[in-house]
J.: 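A single structure is presented below for examination.
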Amino acid sequence: MQAQAFAPRLIAWQALNGRHDLPWQVNDPYRVWLSEIMLQQTQVSSVLEYYPRFVTRFPDVQQLAAAPQEEVLALWSGLGYYSRARNLHRAARMVVDAFGGRFPETREALETLPGVGRSTAAAIAAFAFNARETILDGNVKRVLTRVFGVEGWPGERNVEKALWTLAESLLPEDAASMPAYTQALMDLGATCCTRVRPACTRCPFAADCVAHQQARTAELPAARPKKVQPTRYATLLLACHGGRVLLERRPPAGVWGGLMSLPELPAGELSEAWLAQLGTGEVLPAWPEFVHVFTHFKLVITPQPVEVDALAPRAADDTRQWLTPEAAIEAGVPTPVRRLLEALSSGTLSVSHQIST
DNA sequence: AAGCCGGGGAG
DNA sequence: CTCCCAGGCTT
């Protein structure tokens, strides 16, 4: 893909397939700025409900600057990211007070307005002033990583820097086409090069797109690395006597809430209090620990078998029961507990580390 | 560099 | 439920 071929092909595509009737597609820096702020991390369909009301109430930057902040926030209510509204109001006052009521025309100067970062400033400069500045939003990152096969998560500093450089190298030569080109970048990402199931058959770059040619549109852009889950540790007690094992109903809230389970010793140690409850017996060697993964943490479980000399008295309610492993499984237990009970009933003396879910 | 902001849509 | 969206600001 030649860099100089990118913009003309994209603009030609946009002329026939792009969006041309969005209400903020006007040559007015105030309305462009307002729409760009509203569209930050917010989908077009949502902004379409708010933007008309806002420009009706505040037709120009002077009237916005003169309004009380509460009224601005009220019109923003429901859009989310309310610091955008506060910054919007501050920026309007800055335009009036510091720039004489006229928006600055360069990307660099626009970036001094609160709430206007590099990409938003570039969008305003390109749409309103034909500046040869590139945007780099989520749509553009997706298009560029796919077409040019850029590896790595775009949130990573080096990857993002490379994308800015790449995006700048693709700008059209003639400044007059900057509005159409910028809109085309957004439109391609929003309507064709979508996050899932992109419409590559309708894409002007399909023949050159690295992701499409390698059938890797699902892998590019690379997803955010998953956060390392916090680790918790627990000992699950396998108290056995006469072919039965002690089960305990867990508290209603929290992990495995309300389910029957093996008694859990939080500290990872076999406590004296627990042994006393069970009377006398023999503590057997612990089984190998294994990991159970939850959505928000991982639990390292140490199964601790104990052969007790007699069955402790059954509690009045059903919070504690001595059951055969088979009956316990039947009662409904969490998956890792079921695996342990299965190992117990099959007479296995140790559990493989491969137990996990 | 990572966390935060927020409501909503898609899968 | 997760992940992301026309990102920017703070720590």
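Order of the sequence lines fixes the chain letters, A, B, ..., with proteins taken first and strands second; residue numbering starts at 1 for each chain.
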J.: Got a donor-acceptor contact below 3.5 angstrom from the A:Ser345 side chain to the A:Glu342 backbone?
T.: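 Confirmed, A:Ser345 side chain pairs with A:Glu342 backbone.
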
J.: Restricting to nitrogen or oxygen on both sides, can you table the protein-nucleotides 9-11 of chain C pairs closer than 3.5 Å?
T.:
unit_1	atom_1	unit_2	atom_2	d
C:dC9	OP1	A:Gly115	N	2.9

J.: Hey, does A:Trp24 reach any base, or is it just sugar-phosphate, or nothing, if we go heavy atoms under 4.0 Å?
T.: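 Base contact.
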
J.: Check whether the ring centres of A:Phe54 and A:Phe58 lie less than 6.0 Å apart, and answer yes or no.
T.: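 A:Phe54 vs A:Phe58: aromatic centres under 6.0 Å.
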
J.: On a whole-Å scale, what distance lies between the P atoms belonging to B:dG6 and C:dT10?
T.: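 Between the two P atoms, the distance is 14 Å.
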
J.: Apply side chain to side chain contact (heavy atoms under 4.5 Å, CB included) to A:Glu36 and list each qualifying residue two or more places apart in sequence or on a separate chain.
T.: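 Scan of A:Glu36 (side chain to side chain contact (heavy atoms under 4.5 Å, CB included), adjacent residues dropped) gives A:Val32, A:Thr120, A:Ala123, A:Ile124, A:Phe127, A:Met186.
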
J.: With a non-hydrogen cut-off below 4.0 angstrom, is A:Leu136 in contact with a base, only sugar-phosphate, or nothing?
T.: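 Contact class for A:Leu136: none.
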
J.: With respect to the side chain of A:Ser119, which nucleotide from C:dC4, B:dG11, C:dG8 is positioned closest?
T.: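 From the listed options, C:dG8 comes nearest.
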
J.: Are side-chain N/O atoms of A:Asp309 and A:Thr280 paired as donor and acceptor at under 3.5 Å?
T.: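 On atom types as modelled, these side chains qualify, holding a pair under 3.5 Å.
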
J.: Is it true that A:Asp208 and A:Arg9 have a side-chain N and a carboxylate O under 4.0 angstrom from each other?
T.: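 Looking at A:Asp208 and A:Arg9, the cut-off is met.
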
J.: A:Ile135 CD1 to C:dG7 C1': how many Å, rounded?
T.: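 Value for this atom pair: 12 Å.
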
J.: Measure from CZ on A:Arg224 to P on C:dT2 and round the result to the nearest Å.
T.: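 Computing the A:Arg224:CZ to C:dT2:P distance gives 14 Å.
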
J.: Expressed as a whole number of angstroms, how long is the span from A:Met38:CE to C:dG7:P?
T.: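 Value for this atom pair: 15 Å.
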
J.: Give a yes/no answer on whether the side chain of A:Arg142 brings an N or O atom under 4.0 Å of OP1 or OP2 in C:dC5.
T.: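 Affirmative; the distance criterion is met.
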
J.: Would you say A:Glu168's side chain and A:Thr165's backbone share a donor-acceptor pair under 3.5 angstrom?
T.: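 No; zero donor-acceptor contacts below 3.5 Å.
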
J.: Heavy-atom nearest nucleotide on DNA chain B for A:Arg195 versus A:Asn158: which residue maps closer to 5'?
T.: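 Its nearest nucleotide lies further toward 5', so the answer is A:Asn158.
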
J.: Which label fits A:Phe103 and A:Tyr30: parallel for a plane angle under 30°, tilted from 30 to 60°, or perpendicular past 60°?
T.: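 Correct class here is tilted.
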
J.: Expressed as a whole number of angstroms, how long is the span from A:Lys141:NZ to C:dG8:C1'?
T.: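 It works out to 11 Å between those atoms.
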
J.: Between A:Trp76 and A:Tyr50, does the ring centre distance come in under 6.0 Å?
T.: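 They do not qualify: ring centres at least 6.0 Å apart.
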
J.: Polar pairs (N or O, both sides) under 3.5 Å between protein and nucleotides 5-8 of chain B?
T.:
unit_1	atom_1	unit_2	atom_2	d
B:dC5	N3	A:Tyr81	OH	2.9
B:dG6	OP1	A:Tyr82	N	2.7
B:dG6	O5'	A:Tyr81	N	3.3
B:dG6	O4'	A:Tyr81	N	3.2
B:dG6	N7	A:Tyr81	OH	2.9
B:dG6	O6	A:Tyr81	OH	2.4
B:dG6	N1	A:Gln41	O	3.0
B:dG6	N2	A:Gln41	O	3.1
B:dG6	N2	A:Thr42	OG1	3.2

J.: Whole angstroms only, please: what is the CG-C1' distance between A:Asp137 and C:dC5?
T.: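 To the nearest whole Å, that distance equals 9 Å.
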
J.: Hey, is the main chain of A:Gly80 close enough, under 3.5 Å, to the side chain of A:Arg84 for a donor-acceptor pair?
T.: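 Yes.
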
